[in-house]
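Quick notes on the structure that follows.
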Amino acid sequence: MSTAPVRVRFAPSPTGALHVGGVRTALFNYLFARHHGGEFLLRIEDTDQKRYVPKAEEYIMEALAWCGISPDYSPKTGGPDAPYRQSERKPMYRQYAEQLVASGHAYYAFDTEEELETMRENAEKAGMKNWQYNAITRQNMRNSLTLPADEVQRLLDGGANYVVRMKIPRNEEIRFEDAIRGWVLFQTNQLDDKVLMKQDGMPTYHLANVVDDHLMHITHVIRGEEWLPSAPLHVYMYQCFGWTAPVFAHLPLLLSPDGKGKLSKRDGDKHGFPIFPLDWHNPETGETAKGYREAGYLPDAFINFLALLGWNPGNDQEILTREEMVKLFTLERVGKSGVKFDKAKSVWFNATYLRALTPAELLPHLKAQLAAAGVAHTRDDAFLLSVVPLIQERAEYLTDLAPQAAPYLVAPQTFDPELVAKRWNPQGAEFIAGLLPQLQSFEPWEEAPLEAFVKETVEAAGLGLGKVMPALRLALTNRMQGAELFRIFELLGREETLARLEAALARL
RNA sequence: GGCGCGUUCGUCUAGCCAGGUCCAGGACACCUCUCUUUCACAGAGGCGACACGGGUUCGAAUCCCGUACGCGCUACCA
C-alpha cells in the first residue's frame, strides 16, 4: 500500500437514474475519503453510446447534492485531472490500447459480431455451455495473432473494423487482497480475452476504468461486488502497464427484501418504497419513478440508513451524525454478505430524524408541504410553529405533515359518517350544547384547567367520559386521532373552539 | 454448466482475525404491559439466530475439512 493521499472515485454510468445501491457506493467512497482526509471525485462512464440517457448525468449530480455527498471534482466542477467524462477522454485511450498491443499483452481482432455469435451458437450445440474468446479459441479466429503480419497491416490500413482484445495468458494465477474480502485467487484460464477497445473507437469499461484510475491517481477502488469477477482482469492490466494497482474493495450487494437477487425497481414497486433518491422522469417511457426526496425523507435520515447497510460503527450506536460516520468509517467494518433492504427500518430512521428536529427547523418543511398539498389556511407562522410539536411525533414522512396539520388549520367542512355513527351520541351532544355557555366565560383558556373543568362537569352530569371526549374530538377535527383534546382547545383558542363546536352541533 | 463470493434472531448486525468472560449482545419489526378514555411518542417486558456434518481442542459462533443453500459474473454493458 502506498502512502499517497487517499483519492477515490464514484464512477456511475449515465444509463438512467442513480439507484439506492449506487448512492450507497458513492456514500462509502465519500466517507472513506473524508475519513482519510482525501479526495472524492465523480467520473461519468459514458463509453456506451447506445445506452446513454440524456438527463441521467444531471440526475446523478442532483441526487448526490441532495444527499450531501457532492464530489470534490466532477464534470461540472472540473479538477486537476479533467475531463471527468469518459466520452471527452476518448482520444486518450487509444494510445494505451496500442501500448498493450506493442508490448504483446493485447492484439487486434477482426471478427465481426455475427462471426462471434455463430461461434457461440455452434459451441452451445456442441454442448459447450459458454464459449469464450481465450488462449485456445483465439487460434481459430481472425486476429493479429493468427493472421500474417502483412495481412493485418493491410486490414488496418484498409480501415477494417476491429477491436483490441486483452491477451490473457494460460495457466497463471492472479491474486489480490481485497480490503473487504481478503485474498482472492483466480486462474487466468477462467478469464477470457476481454475487449479493451470497441469497434467504434470507444474503450470498454475495463480499459477506461484502469487507465482513468491510474491517470487520476485513484488509490482505492470501492465498488459493488458485481465487479469482483472482473477484478483479476484489472489487476492483470495494471501489471501489464507496469502500474501500481489501487487497493480494491468490493462492497456487498443490496438485495431484494423478499426472495433474493439484486435490489431492483420491481422490488420497490412491490414493497412500496422508492428505489431512487429523487423522482426520476424516464425520458424514454415517460414514466415517473418515486424518489426518497419526494416521498418525504430527510436526506440525513436516508444517508444514515444507507450507511448502516453493510457497514457498522463497531458499537451499538445507530443514529450517527455525518461527522461521526466520517470519523468511524473504515473498510474493515464493512461486511461481506449481501444486505436485504429493510423498508421498515428506513421509515424508523426518518421518523426518528423528524422528531429530532426543532420546531423552527421543521416549520419550513411544514409550509412547503401545506403548499404542495394545497391546504388553504389563514394562519401565520407563529400559529404553525405551535402546531409543529403536535404533529411532529406522529409523522413518519414529511408528507405526513400537511394531512396531520390540516385539521388544526381548517375547521371541518364535512364529517365522516362512519365516525359520526360510532362517536356522536345524543347525550354527548346535549352535554356539549350545555357546556358552550360555560366555556364562553371560562378562565384561563389553558389545557390543564380546561381538562379539569370539563371532566368534572361530565362526571357531575353523571355521564361517562367516553360519551363526551370522542364526540368533542369529532366535532373539533373530524378525526379520531391526533393531539390531546384540551391541547387542541388551547391551540385553537376560545373563539375558534366554540365556533367549531357550534357548527358541529348545528350539523350533526 | 463454469468460476467467484457469501451463510449469527423475520431484517440490519456485534462477537470470529488474537478459541473460554456468549445457554450469543444491540437495533428495526412483531407481541404484552405502563402512560393516555384518541392516535402517536416515551418507558418496561417478551418472542427470536451461531446453515448442516465431521475434525482439532479440556473447551468452537470463533480454527480446519466437507456438504447444502444463496447471490454475483459468465457482452464490442457498465
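Letters A, B, ... are given to chains in the order of the sequence lines, protein chains preceding strands, and every chain is numbered from 1.
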Query raised in the report: Across the strands shown, which category fits A:Arg423 at heavy-atom distances under 4.0 angstrom: base, sugar-phosphate, nothing?
Result: nothing

Query raised in the report: What interatomic distance, in whole Å, is found between P of B:rA29 and the corresponding atom of B:rC12?
Result: 15 Å

Query - Euclidean distance, A:Asn143 CG relative to A:Arg165 CZ, rounded to 0.5 Å - result: 8.5 Å

Report task. Just compare B:rC73, B:rC76, B:rU7 and give me whichever is closest to any side-chain atom of A:Val163. Result -> B:rC76

Query - Whole-Å C1' distance, B:rG4 and B:rC47 - result: 38 Å

Query raised in the report: Which part of the nucleic acid, if any, lies within reach of A:Met469 when heavy atoms closer than 4.0 Å are counted: base, sugar-phosphate only, or nothing?
Result: nothing

Report task. Taking only the side-chain heavy atoms of A:Gln481 (C-beta and beyond), determine which of B:rC76, B:rU37, B:rU38 contains the nearest atom. Result -> B:rU38

**Report entry** Phosphate OP1/OP2 of B:rC16: any A:Arg333 side-chain N/O under 4.0 Å
**Finding:** no

Report summary line: The residue, A:Val184 or A:Lys345, whose nearest nucleotide of RNA chain B is more 5′ is A:Val184

Query - Distance between C1' atoms of B:rG48 and B:rG54 (Å, rounded) - result: 28 Å

Requested in this report: Give A:Gln199 one of three labels, base, sugar-phosphate or nothing, depending on what nucleic acid heavy atoms sit under 4.0 Å from its own.
Outcome: base

**Report entry** Given B:rC3, B:rA78, B:rU37, the nucleotide with the shortest approach to the side chain of A:Thr204
**Finding:** B:rA78

Requested in this report: Establish whether the base of B:rC5 is bridged to the side chain of A:Arg181 by a donor-acceptor pair shorter than 3.5 Å.
Outcome: no

Query raised in the report: Looking across every strand, which nucleic acid part, if any, lies under 4.0 Å from A:Thr477 by heavy atom: base, sugar-phosphate, or nothing?
Result: nothing

Requested in this report: Look at the side chain of A:Arg51 against the base of B:rC77 and say whether a donor-acceptor pair falls under 3.5 Å; ignore hydrogens and angles.
Outcome: yes

Query raised in the report: Could you state the CG-P distance from A:Leu320 to B:rA27, rounded to the nearest angstrom?
Result: 15 Å

Query raised in the report: To the nearest angstrom, how far is A:His250 atom NE2 from B:rG72 atom C1'?
Result: 11 Å

**Report entry** Sugar-phosphate only, base, or nothing, as touched by A:Leu196 at under 4.0 Å among non-hydrogen atoms
**Finding:** nothing

**Report entry** Interatomic distance, A:Leu309 CG vs B:rU13 P [rounded to whole Å]
**Finding:** 7 Å

Requested in this report: Return the value, rounded to whole Å, for the distance between atom CG of A:Asn312 and atom P of B:rG15.
Outcome: 6 Å

Query raised in the report: B:rC71 phosphate, OP1 or OP2: any side-chain N/O from A:Ser337 under 4.0 angstrom?
Result: no

Query raised in the report: Does a side-chain N or O from A:Lys198 land closer than 4.0 Å to OP1 or OP2 of B:rC77, or not?
Result: yes

Query raised in the report: Taking the C1' atom of each, how far is B:rG15 from B:rA61, in whole Å?
Result: 8 Å

Query raised in the report: Which of the following nucleotides, B:rC3, B:rC5, B:rA40, is nearest to the side chain of A:Glu225?
Result: B:rC5

Requested in this report: Take A:Trp183 and A:Phe341, find for each the nucleotide of RNA chain B with the closest heavy atom, and name the residue whose nucleotide sits nearer the 5' end.
Outcome: A:Trp183

Query raised in the report: Base, sugar-phosphate, or nothing: which does A:Glu484 touch, judged by heavy atoms less than 4.0 Å apart?
Result: base

Query raised in the report: Counting only side-chain N and O atoms of A:Asn130, is one of them less than 4.0 Å from OP1 or OP2 of B:rG2?
Result: no

Query raised in the report: Is the shortest side-chain N/O distance from A:Lys336 to OP1 or OP2 of B:rC5 below 4.0 Å?
Result: no

Query raised in the report: Rounded to the nearest Å, what distance is computed from the CG atom of residue A:Leu228 to the P atom of nucleotide B:rG2?
Result: 19 Å

**Report entry** Distance in angstrom units between A:Glu115 CD and B:rC76 P, rounded
**Finding:** 13 Å

Requested in this report: Under the ring pair (Phe, Tyr, Trp, His ring centres under 6.0 Å) rule, what do A:Phe305 and A:Tyr297 come out as? Steps first, then yes or no, please.
Outcome: CA-CA 11 Å; A:Phe305 166 67; A:Tyr297 278 80; 7.9 Å; no

Query raised in the report: Choosing from B:rG25, B:rC76, B:rG4, which nucleotide comes nearest the side chain of A:Asp316?
Result: B:rG25

Report summary line: Whole-Å distance, A:Glu177 CD to B:rC5 C1', equals 16 Å

Query - A:Ile222 CD1 to A:Trp227 CH2 distance, which is reported to the nearest 0.5 Å - result: 16.0 Å

Requested in this report: Have a look at A:Phe28 and tell me which of A:Phe329, A:Trp311, A:Phe10 forms a ring pair (Phe, Tyr, Trp, His ring centres under 6.0 Å) with it.
Outcome: A:Phe329

Requested in this report: Counting heavy atoms from C-beta on, name the nucleotide in B:rU7, B:rC76, B:rG72 closest to the side chain of A:Arg165.
Outcome: B:rC76

Report task. Select one nucleotide: of B:rA40, B:rC77, B:rC71, the one nearest the side-chain heavy atoms of A:Leu255. Result -> B:rC71

**Report entry** Under-4.0 Å salt bridge between A:Lys340 and A:Asp342
**Finding:** no

Query raised in the report: Over how many whole Å does the gap from A:Leu472 atom CG to B:rU37 atom C1' extend?
Result: 12 Å

**Report entry** Salt bridge flag under 4.0 Å for residues A:Glu324 and A:Lys327
**Finding:** no

Requested in this report: Give a yes/no on whether any side-chain N or O of A:Lys343 is located under 4.0 angstrom from OP1 or OP2 of B:rC28.
Outcome: no

Report task. Identify which nucleotide among B:rA27, B:rC3, B:rC39 has an atom closest to any side-chain atom of A:Glu318, counting heavy atoms from C-beta outward. Result -> B:rA27

Report task. Would you mind classifying the nucleic acid contact of A:Lys422 as base, sugar-phosphate or nothing, using non-hydrogen atoms under 4.0 angstrom? Result -> nothing

